[in-house]
K.L.:
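Pasting in a structure now, in structure tokens, and then I'll have a few things to ask.
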Amino acid sequence: MLISPREAGFTLIELVVGMLIGVIVIGLFVAAISQAWMQRADADGEALASARISEALDRISDDVRATRKADRADIFRTATKDELRVQMVGNPTVYGDVAVASGRQLSVYTNGDGGATPTCVTWSYQQVDDGRLTNVWALTRRIDATCAPGPVAGREVVAALPEGVAPPVNTFRYGVLGAPNGLGECPVNVVSPGAANIAPAQRLRIVAVHVDLRAGAARGKKAARQRAGRDVIGLWSRLNNDYYFALDCAQ
């Protein structure tokens, strides 16, 4: 019995076409797996960045809300309202518990760590080496006794920004009491100092800190960045009648 050419096997053209189809199918499969892996990696990275931002906001909130300087606490216990006004306004550096208030740095005397004596905590963005990349911007926290300059010694890296992302000049903005109106009430104005440090007399009038850490989520989706990384934190130690009276503000 004779076997026709069609029954003898595949032709060369059929083999080539089959191989091309196989290569295309394998390529599509590999591309799908790679895309799924990259999406998972991006989601994990975004979740980690969001977690670090939330942790940073919580810790900044603890420090700001517990703001207190030992010297200032003493005059609140011993001085009358009028004496309090004279001492605080006359010595804003001595009795002020906010030591530095700029766009990229906030230094406050605080009991945020639960110590018996207030210490100075400095939050700032600095360039660091993260072990793999150099000169990456990161949000850092440093503790010392007197808010002395020293941006590297003792700092803790809390959250690093993505590579190539610089922090905004106004990571920190401030709610500052303005001049009293006809009723003796002082409006709260949001001040954006940029790189400049607010003067001591103005630092006495800060009653809230506006924090914007959205730069840490720069790789995430725009909607997520708009929702996360922002907070307004009140200085609880200043929200009382005596403090407002010392600044000529009715409360």
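The structure presented is a predicted model; accordingly, all values stated were derived computationally and were not measured.
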K.L.:
Starting at CZ of Arg72, measure out to CD of Gln87 and round the result to the nearest 0.5 Å.
P.N.:
12.5 Å
K.L.:
Honestly curious: do Val121 and Val100 fall in one hydrophobic cluster under the side-chain, below-4.5 Å linking rule?
P.N.:
no
K.L.:
Report yes or no: is the cationic atom of Arg104 (NZ for Lys, CZ for Arg) closer than 6.0 Å to the six-membered ring centre of Trp137, at no more than 45° off its axis?
P.N.:
yes
K.L.:
Strictly below 4.0 Å, N to O, side chains only: are Asp62 and Arg59 in salt-bridge contact?
P.N.:
no
K.L.:
Rounded to the nearest 0.5 Å, what separation is found between the OG1 atom of Thr80 and the CZ atom of Phe245?
P.N.:
8.0 Å
K.L.:
For the CH2 atom of Trp236 and the OG atom of Ser61, what is their distance to the nearest 0.5 Å?
P.N.:
9.0 Å
K.L.:
What distance separates Asp63 CG from Thr119 OG1, expressed to the nearest 0.5 Å?
P.N.:
8.0 Å
K.L.:
Please determine whether residues Phe172 and Leu57 belong to a single hydrophobic cluster, defined as Ile, Leu, Val, Met, Phe, Trp and Tyr linked transitively by side-chain heavy-atom distances below 4.5 Å.
P.N.:
yes
K.L.:
Rounded to the nearest 0.5 Å, what separation is found between the OH atom of Tyr95 and the CG atom of Asp71?
P.N.:
6.5 Å
K.L.:
For Tyr109, does its backbone N or O pair with a side-chain atom of Arg68 as donor and acceptor, under 3.5 Å?
P.N.:
no
K.L.:
About how many Å separate CG of Asp212 and OG1 of Thr171, when rounded to the nearest 0.5 Å?
P.N.:
7.0 Å
K.L.:
So does Asp97 pair up with Arg203, basic N to acidic O under 4.0 Å?
P.N.:
no
K.L.:
Between the side chains of Arg142 and Asp144, is the shortest nitrogen-to-carboxylate-oxygen separation below 4.0 Å, so that they form an ion pair?
P.N.:
yes
K.L.:
Sort and list the pairs that fulfil disulfide (SG to SG under 2.5 Å) and have at least one residue in residues 177-207, not counting sequence neighbours.
P.N.:
Cys186-Cys249
K.L.:
For the backbone of Val98 and the side chain of Lys69, can you confirm whether one donor and one acceptor N or O come within less than 3.5 Å of each other?
P.N.:
no
K.L.:
Going by the side chain to side chain contact (heavy atoms under 4.5 Å, CB included) test, name the single residue among Gln127, Arg155, Gln105 that passes it with Thr140.
P.N.:
Arg155
K.L.:
Is the backbone of Leu204 close enough, under 3.5 Å, to the side chain of Arg238 for a donor and an acceptor to pair up by distance?
P.N.:
yes
K.L.:
Ile53 and Val158: same hydrophobic cluster, using ILVMFWY side-chain contacts below 4.5 Å?
P.N.:
yes
